[in-house]
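Only a predicted model underlies this, so the values are computations on that prediction, with no experimental measurement involved.
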Amino acid sequence: MKKVFTKAFLVVMALGTSVMTFAQAPEVAPVAEQSFHQALKVKFIEGSADFMSLIAIALILGLAFVLERIIYLNLADTNSKKLLKGIEDALAKNDVEAAKAIARDTRGPIASIAYQGLMRMDQGIDVVEKSIVSYGGVQGGLLEKNLSWITLFIAIAPSLGFLGTVVGMVMAFDKIEQVGDISPTVVASGMKVALITTVGGLIVALILQVFYNYLLSKLEAILNKMEDASISLLDLVIKYNVKHPKQA
(Lines give C-alpha, C1' and ligand atoms only; values in the text may rest on other atoms or scores of the structure.)
Protein backbone atom coordinates (compact mmCIF):
# COMPACT_ATOMS: atom_id res chain seq x y z
CA MET A 1 0.00 0.00 0.00
CA LYS A 2 2.98 2.34 0.51
CA LYS A 3 3.64 2.21 -3.23
CA VAL A 4 0.00 3.11 -3.91
CA PHE A 5 0.11 6.24 -1.76
CA THR A 6 3.55 7.16 -3.13
CA LYS A 7 2.21 7.17 -6.68
CA ALA A 8 -0.83 9.17 -5.61
CA PHE A 9 1.42 11.68 -3.83
CA LEU A 10 3.58 12.12 -6.94
CA VAL A 11 0.49 12.82 -9.04
CA VAL A 12 -0.71 15.38 -6.48
CA MET A 13 2.68 17.10 -6.56
CA ALA A 14 2.75 17.18 -10.37
CA LEU A 15 -0.76 18.62 -10.59
CA GLY A 16 0.01 21.05 -7.78
CA THR A 17 2.97 22.38 -9.75
CA SER A 18 0.67 23.00 -12.72
CA VAL A 19 -1.77 24.89 -10.49
CA MET A 20 1.01 27.12 -9.17
CA THR A 21 2.06 27.86 -12.73
CA PHE A 22 -1.51 28.83 -13.60
CA ALA A 23 -1.68 31.11 -10.58
CA GLN A 24 1.15 33.28 -11.91
CA ALA A 25 0.25 36.27 -14.04
CA PRO A 26 0.03 35.07 -17.65
CA GLU A 27 1.79 36.65 -20.58
CA VAL A 28 -1.12 36.91 -22.95
CA ALA A 29 -0.15 36.09 -26.53
CA PRO A 30 -2.26 37.16 -29.49
CA VAL A 31 -5.42 35.08 -29.74
CA ALA A 32 -4.41 33.48 -33.02
CA GLU A 33 -1.04 32.37 -31.58
CA GLN A 34 -2.20 31.12 -28.18
CA SER A 35 -1.67 27.43 -27.46
CA PHE A 36 -4.25 25.43 -25.52
CA HIS A 37 -2.10 25.64 -22.39
CA GLN A 38 -1.80 29.42 -22.69
CA ALA A 39 -5.50 29.88 -23.30
CA LEU A 40 -6.31 27.67 -20.30
CA LYS A 41 -3.92 29.67 -18.12
CA VAL A 42 -5.52 32.95 -19.21
CA LYS A 43 -9.01 31.70 -18.42
CA PHE A 44 -7.78 30.40 -15.08
CA ILE A 45 -6.62 33.90 -14.12
CA GLU A 46 -9.68 35.61 -15.58
CA GLY A 47 -11.94 33.38 -13.52
CA SER A 48 -10.39 34.76 -10.31
CA ALA A 49 -7.31 32.85 -9.20
CA ASP A 50 -8.68 32.45 -5.67
CA PHE A 51 -11.76 30.46 -6.62
CA MET A 52 -10.15 28.69 -9.57
CA SER A 53 -7.30 27.54 -7.31
CA LEU A 54 -9.81 26.02 -4.90
CA ILE A 55 -11.54 24.26 -7.77
CA ALA A 56 -8.18 23.00 -9.06
CA ILE A 57 -7.29 21.71 -5.58
CA ALA A 58 -10.60 19.83 -5.46
CA LEU A 59 -9.68 18.24 -8.81
CA ILE A 60 -6.16 17.34 -7.61
CA LEU A 61 -7.33 15.74 -4.36
CA GLY A 62 -10.20 13.97 -6.10
CA LEU A 63 -7.87 12.52 -8.74
CA ALA A 64 -5.41 11.43 -6.04
CA PHE A 65 -8.14 9.36 -4.36
CA VAL A 66 -9.27 8.08 -7.76
CA LEU A 67 -5.74 6.94 -8.61
CA GLU A 68 -5.31 5.21 -5.25
CA ARG A 69 -8.63 3.36 -5.67
CA ILE A 70 -7.89 2.34 -9.26
CA ILE A 71 -4.55 0.83 -8.21
CA TYR A 72 -6.06 -0.87 -5.15
CA LEU A 73 -9.05 -2.35 -6.99
CA ASN A 74 -6.92 -3.58 -9.88
CA LEU A 75 -4.60 -5.32 -7.42
CA ALA A 76 -7.63 -6.78 -5.63
CA ASP A 77 -9.13 -8.18 -8.83
CA THR A 78 -7.52 -11.64 -9.06
CA ASN A 79 -8.37 -14.82 -10.96
CA SER A 80 -10.81 -16.44 -8.53
CA LYS A 81 -11.39 -19.51 -10.74
CA LYS A 82 -7.67 -20.33 -10.77
CA LEU A 83 -7.51 -19.85 -7.00
CA LEU A 84 -10.48 -22.12 -6.30
CA LYS A 85 -9.17 -24.75 -8.74
CA GLY A 86 -5.87 -24.86 -6.87
CA ILE A 87 -7.66 -25.18 -3.51
CA GLU A 88 -9.94 -27.89 -4.91
CA ASP A 89 -6.99 -29.91 -6.21
CA ALA A 90 -5.20 -29.62 -2.88
CA LEU A 91 -8.26 -30.70 -0.91
CA ALA A 92 -8.81 -33.60 -3.30
CA LYS A 93 -5.35 -34.83 -2.25
CA ASN A 94 -6.32 -34.40 1.43
CA ASP A 95 -3.69 -31.67 1.75
CA VAL A 96 -5.36 -28.89 3.72
CA GLU A 97 -2.05 -27.16 4.42
CA ALA A 98 -1.32 -26.88 0.69
CA ALA A 99 -4.78 -25.34 0.18
CA LYS A 100 -4.05 -22.82 2.93
CA ALA A 101 -0.69 -22.02 1.36
CA ILE A 102 -2.31 -21.34 -2.01
CA ALA A 103 -4.79 -18.93 -0.43
CA ARG A 104 -2.12 -17.29 1.73
CA ASP A 105 0.26 -16.71 -1.18
CA THR A 106 -2.42 -15.22 -3.47
CA ARG A 107 -3.16 -11.51 -3.22
CA GLY A 108 -6.64 -10.03 -3.09
CA PRO A 109 -9.72 -10.15 -0.85
CA ILE A 110 -11.02 -13.44 -2.29
CA ALA A 111 -7.83 -15.25 -1.31
CA SER A 112 -7.94 -13.66 2.15
CA ILE A 113 -11.51 -14.81 2.67
CA ALA A 114 -10.63 -18.31 1.45
CA TYR A 115 -7.69 -18.47 3.87
CA GLN A 116 -9.87 -17.47 6.82
CA GLY A 117 -12.37 -20.19 5.91
CA LEU A 118 -9.73 -22.88 5.45
CA MET A 119 -8.17 -21.98 8.80
CA ARG A 120 -11.43 -23.04 10.50
CA MET A 121 -12.23 -26.18 8.53
CA ASP A 122 -11.81 -28.38 11.60
CA GLN A 123 -14.44 -26.37 13.52
CA GLY A 124 -17.39 -27.30 11.33
CA ILE A 125 -19.16 -25.84 8.32
CA ASP A 126 -21.18 -23.35 10.42
CA VAL A 127 -18.04 -21.75 11.79
CA VAL A 128 -16.49 -21.66 8.32
CA GLU A 129 -19.58 -19.95 6.90
CA LYS A 130 -19.67 -17.34 9.69
CA SER A 131 -15.97 -16.68 9.20
CA ILE A 132 -16.39 -16.18 5.45
CA VAL A 133 -19.37 -13.84 5.94
CA SER A 134 -17.64 -11.79 8.65
CA TYR A 135 -14.33 -11.46 6.85
CA GLY A 136 -16.14 -10.78 3.59
CA GLY A 137 -17.73 -7.75 5.24
CA VAL A 138 -14.30 -6.52 6.35
CA GLN A 139 -12.86 -6.91 2.85
CA GLY A 140 -15.90 -5.21 1.33
CA GLY A 141 -15.31 -2.21 3.59
CA LEU A 142 -11.67 -2.03 2.49
CA LEU A 143 -12.74 -2.08 -1.16
CA GLU A 144 -15.14 0.83 -0.58
CA LYS A 145 -12.60 2.86 1.39
CA ASN A 146 -12.05 6.49 0.21
CA LEU A 147 -14.96 6.41 -2.26
CA SER A 148 -16.84 8.80 0.02
CA TRP A 149 -14.00 11.34 -0.39
CA ILE A 150 -14.43 11.23 -4.16
CA THR A 151 -18.16 11.94 -3.83
CA LEU A 152 -17.28 14.81 -1.50
CA PHE A 153 -15.08 16.48 -4.12
CA ILE A 154 -17.72 15.83 -6.80
CA ALA A 155 -20.12 17.88 -4.64
CA ILE A 156 -17.58 20.53 -3.60
CA ALA A 157 -16.32 21.44 -7.10
CA PRO A 158 -19.62 22.77 -8.54
CA SER A 159 -20.43 24.38 -5.18
CA LEU A 160 -17.19 26.35 -5.37
CA GLY A 161 -18.06 27.25 -8.95
CA PHE A 162 -21.49 28.54 -7.93
CA LEU A 163 -19.90 30.46 -5.07
CA GLY A 164 -17.62 32.10 -7.63
CA THR A 165 -20.74 32.88 -9.65
CA VAL A 166 -22.28 34.72 -6.73
CA VAL A 167 -19.04 36.62 -6.09
CA GLY A 168 -18.82 37.56 -9.77
CA MET A 169 -22.38 38.87 -9.73
CA VAL A 170 -21.61 40.92 -6.60
CA MET A 171 -18.56 42.36 -8.40
CA ALA A 172 -20.74 43.27 -11.37
CA PHE A 173 -23.28 45.07 -9.19
CA ASP A 174 -20.48 46.87 -7.34
CA LYS A 175 -19.21 48.19 -10.68
CA ILE A 176 -22.72 49.29 -11.64
CA GLU A 177 -23.05 51.11 -8.31
CA GLN A 178 -19.68 52.84 -8.71
CA VAL A 179 -20.18 53.89 -12.33
CA GLY A 180 -23.90 54.49 -12.20
CA ASP A 181 -24.31 52.71 -15.53
CA ILE A 182 -25.44 49.20 -16.54
CA SER A 183 -23.63 48.99 -19.84
CA PRO A 184 -22.09 45.63 -20.93
CA THR A 185 -18.56 47.01 -20.51
CA VAL A 186 -19.18 47.76 -16.84
CA VAL A 187 -20.53 44.33 -15.90
CA ALA A 188 -18.38 42.24 -18.27
CA SER A 189 -15.53 41.49 -15.84
CA GLY A 190 -17.85 40.38 -13.05
CA MET A 191 -19.94 38.25 -15.40
CA LYS A 192 -16.78 36.65 -16.79
CA VAL A 193 -15.70 35.60 -13.29
CA ALA A 194 -19.18 34.20 -12.63
CA LEU A 195 -19.31 32.13 -15.81
CA ILE A 196 -15.72 30.83 -15.79
CA THR A 197 -15.87 29.64 -12.19
CA THR A 198 -19.19 27.88 -12.87
CA VAL A 199 -17.79 26.15 -15.95
CA GLY A 200 -14.63 25.15 -14.05
CA GLY A 201 -16.56 23.64 -11.17
CA LEU A 202 -18.88 21.69 -13.46
CA ILE A 203 -15.99 20.34 -15.56
CA VAL A 204 -14.18 19.10 -12.44
CA ALA A 205 -17.35 17.45 -11.14
CA LEU A 206 -17.95 15.74 -14.50
CA ILE A 207 -14.37 14.41 -14.65
CA LEU A 208 -14.54 12.99 -11.14
CA GLN A 209 -18.03 11.57 -11.73
CA VAL A 210 -16.82 9.56 -14.73
CA PHE A 211 -13.97 8.06 -12.70
CA TYR A 212 -16.32 7.44 -9.76
CA ASN A 213 -18.73 5.47 -11.94
CA TYR A 214 -15.82 3.42 -13.30
CA LEU A 215 -14.71 2.63 -9.74
CA LEU A 216 -18.25 1.63 -8.77
CA SER A 217 -18.49 -0.78 -11.70
CA LYS A 218 -15.10 -2.24 -10.79
CA LEU A 219 -16.12 -2.57 -7.15
CA GLU A 220 -19.42 -4.30 -8.01
CA ALA A 221 -17.60 -6.78 -10.24
CA ILE A 222 -15.16 -7.68 -7.44
CA LEU A 223 -17.97 -8.00 -4.88
CA ASN A 224 -19.85 -10.34 -7.22
CA LYS A 225 -16.71 -12.45 -7.60
CA MET A 226 -16.32 -12.52 -3.81
CA GLU A 227 -19.88 -13.78 -3.30
CA ASP A 228 -19.54 -16.41 -6.01
CA ALA A 229 -16.16 -17.57 -4.70
CA SER A 230 -17.49 -17.75 -1.13
CA ILE A 231 -20.32 -20.06 -2.19
CA SER A 232 -17.91 -22.22 -4.19
CA LEU A 233 -15.51 -22.41 -1.24
CA LEU A 234 -18.29 -23.56 1.09
CA ASP A 235 -19.17 -26.29 -1.40
CA LEU A 236 -15.52 -27.42 -1.45
CA VAL A 237 -15.40 -27.54 2.37
CA ILE A 238 -18.63 -29.53 2.52
CA LYS A 239 -17.32 -32.02 -0.06
CA TYR A 240 -14.07 -32.37 1.86
CA ASN A 241 -15.85 -32.99 5.17
CA VAL A 242 -18.08 -35.61 3.57
CA LYS A 243 -15.11 -37.37 1.98
CA HIS A 244 -12.90 -37.04 5.06
CA PRO A 245 -15.17 -37.14 8.12
CA LYS A 246 -13.66 -36.26 11.47
CA GLN A 247 -12.67 -39.25 13.54
CA ALA A 248 -14.44 -39.56 16.88
Side-chain angles (χ1 to χ4, degrees), residues 1-9 62 64-154 208 211-248:
M1 288 304 296
K2 288 183 178 179
K3 293 182 178 179
V4 172
F5 288 110
T6 300
K7 291 180 179 179
F9 177 75
F65 283 111
V66 165
L67 178 61
E68 185 271 335
R69 283 295 88 188
I70 288 176
I71 296 173
Y72 186 92
L73 292 179
N74 277 285
L75 291 175
D77 190 10
T78 55
N79 191 337
S80 59
K81 292 183 179 179
K82 181 179 179 181
L83 170 66
L84 291 173
K85 185 65 171 61
I87 293 174
E88 182 179 10
D89 292 342
L91 293 178
K93 298 175 183 178
N94 194 22
D95 193 347
V96 177
E97 292 303 318
K100 292 179 183 178
I102 292 171
R104 183 176 59 248
D105 297 337
T106 304
R107 72 168 186 265
I110 297 176
S112 298
I113 293 170
Y115 181 73
Q116 294 297 321
L118 293 171
M119 286 287 291
R120 295 164 176 79
M121 281 186 62
D122 58 343
Q123 300 178 31
I125 188 64
D126 290 337
V127 176
V128 172
E129 182 178 5
K130 289 179 181 178
S131 174
I132 290 175
V133 171
S134 299
Y135 205 70
V138 173
Q139 290 297 319
L142 292 175
L143 291 173
E144 296 174 358
K145 184 180 178 181
N146 290 335
L147 288 180
S148 59
W149 285 104
I150 300 174
T151 58
L152 174 65
F153 291 116
I154 290 174
L208 294 179
F211 282 114
Y212 180 74
N213 283 12
Y214 165 76
L215 291 173
L216 279 185
S217 65
K218 190 75 174 176
L219 173 63
E220 290 173 359
I222 295 174
L223 291 176
N224 288 335
K225 283 186 179 181
M226 286 172 55
E227 292 178 2
D228 185 59
S230 298
I231 295 171
S232 299
L233 179 64
L234 284 174
D235 291 339
L236 293 178
V237 173
I238 292 172
K239 289 179 182 178
Y240 177 83
N241 288 339
V242 170
K243 189 175 180 180
H244 305 280
K246 295 173 62 176
Q247 299 296 327

Fill in: Results of side-chain hydrogen bond (donor to acceptor under 3.5 Å, both in side chains) for Q116 - residues two or more places apart only
R120
Response to the item:
Taking every heavy atom of I150 against every heavy atom of G62, the minimum-distance pair comes out as CG1-O, 4.4 Å
Response to the item:
Nearest heavy-atom contact between S230 and I113 is OG-CG2, 4.1 Å
Worksheet entry | Spacing of L233 atom CG and E88 atom CD [to the nearest 0.5 Å] | 11.0 Å
Worksheet entry | side chain to side chain contact (heavy atoms under 4.5 Å, CB included) partners for L223, two or more places apart | L143, E144, L219, M226
Fill in: Step-by-step side-chain contact (heavy atoms from CB on, under 4.5 Å) determination, Q139 to I110
CA-CA 9 Å; Q139 290 297 319; I110 297 176; over 6 Å; no
Worksheet item: With sequence neighbours excluded, what pairs up with T151 under the side chain to side chain contact (heavy atoms under 4.5 Å, CB included) test?
Response: S148, Y212
Practice prompt. Determine the minimum heavy-atom distance between A76 and I222, stating which atoms define it.
Written response: CB-CD1, 4.3 Å
Worksheet entry | Pairwise side-chain contact, I70 with Y214, heavy-atom cut-off 4.5 Å (strictly under) | yes
Worksheet, complete the sentence: Value for CE (M121) from NZ (K100), rounded to nearest 0.5 Å, stands at 8.0 Å
Worksheet item: Of the non-hydrogen atoms in A229 and S80, which two are nearest, and what is the gap between them?
Response: CB-CB, 4.5 Å
Worksheet item: Taking all non-hydrogen atoms of both residues, which atom of D122 and which atom of M119 are closest, and how far apart?
Response: OD1-O, 4.0 Å
Worksheet, complete the sentence: Those residues at least two apart in sequence (or on a different chain) that pass side chain to side chain contact (heavy atoms under 4.5 Å, CB included) with A101 are R104, D105
Worksheet item: Under the criterion side chain to side chain contact (heavy atoms under 4.5 Å, CB included), which of I87, N94, D95 is the partner of L91?
Response: I87
Item to complete: Take L75 and Y72, measure what side-chain contact (heavy atoms from CB on, under 4.5 Å) needs, and give me the verdict at the end.
Response: CA-CA 5 Å; L75 291 175; Y72 186 92; 5.9 Å; no
Worksheet item: Between atom OG1 of T106 and atom OH of Y115, what is the distance when rounded to the nearest 0.5 Å?
Response: 12.5 Å
Worksheet item: If you round to the nearest 0.5 Å, how far is CD of E68 from CG of L215?
Response: 9.5 Å
Response to the item:
Applying side chain to side chain contact (heavy atoms under 4.5 Å, CB included) to T78 and not counting sequence neighbours gives R107
Discussion item. Using the side-chain hydrogen bond (donor to acceptor under 3.5 Å, both in side chains) criterion, which residues pair with K85? Sequence neighbours excluded.
Written reply: D89
Discussion item. Could you report the tightest heavy-atom contact between I102 and G86, atom names first, then the distance?
Written reply: CD1-O, 3.4 Å
Worksheet item: How far does CG of L236 sit from CG of N241, to the nearest 0.5 angstrom?
Response: 11.0 Å
Worksheet, complete the sentence: Between the CZ atom in F65 and the CG atom in L208, the distance rounded to the nearest 0.5 Å is 11.5 Å
Discussion item. My understanding is that only residues two or more places apart in sequence, or in another chain, count here; which of them pass side-chain hydrogen bond (donor to acceptor under 3.5 Å, both in side chains) with D126?
Written reply: none
Worksheet item: Among pairs that include at least one residue of residues 220-231, which meet salt bridge (Lys or Arg N to Asp or Glu O under 4.0 Å), considering only residues two or more places apart or in two chains?
Response: D77-K225
Item to complete: Not counting sequence neighbours, which residues clear ring-ring contact (aromatic ring centres under 6.0 Å, His included) with Y240? List them please.
Response: H244
